[in-house]
Novice: 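This structure is in structure tokens; I'll ask about it shortly.
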Amino acid sequence: MPNFTAPKGTNDILPSQTPIWRQTEEKLAAIAASFGYEEIRTPMFEDTNLFARGVGESTDIVTKEMYTFLHRGKESLTLRPEGTAPVIRSYIENGMHSDAQPVKLYYLNPTFRAENPQKGRYRQFHQFGAEGIGSYDPSMDAEIIMLGKAVFDAFKIDSVTLYINSVGCPKCRESYYDTLRAFLSQHIGDLCEDCKSRLGKNPMRVLDCKNENCQKLTQNAPVMLDYLCSECESHFEKLAEYLAASSVEYTVDPKIVRGLDYYTKTAFEFKTDKLGSQSAVCAGGRYDGLSESLGGPPAPGIGFGLGIERLLLLADLSANERYTDIYFAPTTDEARLVSFKLAAKARSLGKTVQTDTMQRSLKAQMKFADKIGSVYVAILTEETLKANSMTIRNMLTKEQFDIAIVDLEKIWEK
Ligand code: ATP
Ligand code: MG
């Protein structure tokens with residue numbers, strides 16, 4: 001047993017996988033840019049109250065899943081469990097409400113939640129997220145949803161379905177909550193412990209509970225969609241029109257309520273049936289009240305978070321083979337020094353280069369050059385040095401030829 005292993009629920013991303021991650025991140029950045037979203041990077045930890053207030057005191061994230069620590073025994077800090085609250089904190093703090101609106105931002109973040117790890121559910125995972133801030137208009141909702149869809153299209157994933165709903169606004173939610181509470185109170189004895197406490201603070205979350213019994217009990221529960229005020233209703237209809245006009249297919253699911261307190265109107269999820277209970281791949285919604293709840297100016301917004309690990313589990317990506325332009329294989333001490341000089345020169349030509357750092361035999365070096373996918377090997381021996389030359393072997397065609405050491409660049413002119 002080694003003395004140390006990575007903390008439970010965390011993963012090393014190993015060299016065989018990092019090229020896939022890099023490609024994925026670049027692809028996500030390019031998709032976001034194609035919609036006019038710019039990257040933002042916020043700190044890995046924030047004031048605990050930002051999440052308590054911005055995500056919601058009664059959410060699973062805040063009550064059960066945060067990594068919180070006291071800095072020097074005084075200041076309570078929390079590792080980022082989600083991306084939206086930090087972005088809105090930054091929007092307020094940096095006066096972005098005075099910039100041209102909408103402000104369209106995306107992020108690629110390590111994210112931390114103390115959950116029970118399983119496939120597709122980790123304690124450190126990565127989110128790609130986007131936020132469109134400054135517009136109340138349903139076209140902003142449609143754009144954000146299309147950005148999410150563009151990701152699945154680009155990664156050729158057709159096993160996700162888009163579900164949309166409206167969770168209304170504080171105005172229409174009030175009377176709906178009364179109705180829903182009345183309905184749920186009849187079954188209070190059968191609800192799970194979590195849902196019993198949800199009933200008081202945010203009864204709509206009971207609809208979202210993963211407990212089978214709770215799901216059964218809420219099958220015929222009244223839904224927000226039937227209680228929307230005229231403003232929320234027309235917002236939902238307009239969104240549907242935009243999605244239809246852009247040929248985005250969706251299913252209305254009145255049970256998509258999202259776990260966060262700050263959501264208003266549109267809520268949506270891209271779900272898959274391929275990852276067991278890790279079915280949500282991308283989830284988001286509108287949060288018109290968030291900025292003000294954090295002490296900022298009115299700043300409506302909509303965004304989503306998309307789990308990159310779940311995206312990669314669905315996308316079938318394989319890493320490219322290892323690749324090196326040239327490997328210098330010296331066989332004497334003097335040749336080793338020349339190899340170092342030549343390696344530096346080849347790198348300045350923009351080539352990917354390696355040379356021996358193990359004092360290995362020529363045979364072992366040839367084997368290594370093959371392993372690192374080197375196209376050429378330059379062999380430098382006592383004899384070739386005497387002639388100021390080196391032997392170049394093309395590892396693909398097995399052809400060999402000698403060239404002068406000063407003519408290094410000619411290798412690529414052939
Ligand atoms: P779930 O219902 O699976 O717990 P969630 O509702 O908590 O998901 P969100 O808070 O909406 O998830 O986060 C957005 C996305 O981040 C999810 O759709 C998912 O792809 C990803 N995600 C959330 N939690 C984890 C986790 N612990 N490990 C890996 N990915 C996660
Ligand atoms: Mg969760």
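Quantities reported herein were computed from a predicted structural model and do not represent experimental measurements. Each ligand, and each atom within it, is numbered from 1 in the order the structure gives.
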Novice: Could K27 and F155 be counted as a cation-pi pair, given that NZ or CZ must be under 6.0 Å from the ring centre and within 45° of the axis?
Specialist: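 Ring-cation test returns yes.
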Novice: For ligand 1, find out whether one of its N or O atoms is nearer than 3.5 Å to an N or O atom of F125.
Specialist: no
Novice: Return yes when K210 approaches ligand 1 closer than 4.0 angstrom through a heavy atom, no otherwise.
Specialist: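 For ligand 1, residue contact (heavy atoms, under 4.0 Å) with K210 is present.
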Novice: Measuring from non-hydrogen atoms of E115 to any atom of ligand 1, is the shortest distance under 4.0 Å?
Specialist: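 Yes; E115 lies near enough to ligand 1 that a heavy-atom distance drops under 4.0 Å.
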Novice: Looking only at N/O atoms, are A280 and ligand 1 under 3.5 Å apart anywhere?
Specialist: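 In this structure, A280 places an N or O atom under 3.5 Å from an N or O of ligand 1.
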Novice: Please work out, at 4.0 Å between heavy atoms, whether the side chain, the backbone, both, or neither of S279 comes within that distance of ligand 1.
Specialist: neither
Novice: For ligand 1, is there an N or O atom under 3.5 Å from any N or O atom of V281?
Specialist: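 Yes, there is a polar N/O contact under 3.5 Å.
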Novice: Look only at interatomic distance and state if E309 has a nitrogen or oxygen under 3.5 Å from any nitrogen or oxygen of ligand 1.
Specialist: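 Between E309 and ligand 1, no N or O pair is found under 3.5 Å apart.
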Novice: Would you check, one step at a time, whether the test side chain to side chain donor-acceptor pair (under 3.5 Å) holds for Y67 with Q124?
Specialist: CA-CA 10 Å; Y67 283 99; Q124 175 173 347; over 6 Å; no
Novice: Tell me if the aromatic rings of Y176 and Y227 count as close, with their centers under 6.0 Å from one another.
Specialist: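 Under 6.0 Å, so yes.
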Novice: Under 3.5 Å, N or O to N or O, is S277 touching ligand 1 that way?
Specialist: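 In this structure, S277 places no N or O atom under 3.5 Å from an N or O of ligand 1.
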Novice: Using a 4.0 Å heavy-atom cut-off, which part of Q127 comes near ligand 1: side chain, backbone, both, or neither?
Specialist: side chain
Novice: Short list, please: which atoms of ligand 1 are under 4.0 Å from a heavy atom of A283?
Specialist: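 Within the 4.0 Å cut-off of A283, ligand 1 contributes 11 (O).
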Novice: Side chains of T78 and T68 only: does a donor on one sit below 3.5 Å from an acceptor on the other?
Specialist: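 Judged by distance alone, the side chains do pair up.
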Novice: Side chains of T84 and E131 only: does a donor on one sit below 3.5 Å from an acceptor on the other?
Specialist: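 The criterion, which ignores hydrogens and geometry beyond distance, is satisfied for E131 and T84.
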Novice: Does the side chain of Y327 pick up a donor-acceptor pair with the side chain of D325 at under 3.5 Å?
Specialist: no
Novice: Is E82 paired with R113 through a side-chain N to carboxylate O contact shorter than 4.0 Å?
Specialist: no
Novice: Would R121 count as a contact of ligand 1 if the rule is a heavy atom under 4.0 Å away?
Specialist: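 For ligand 1, residue contact (heavy atoms, under 4.0 Å) with R121 is present.
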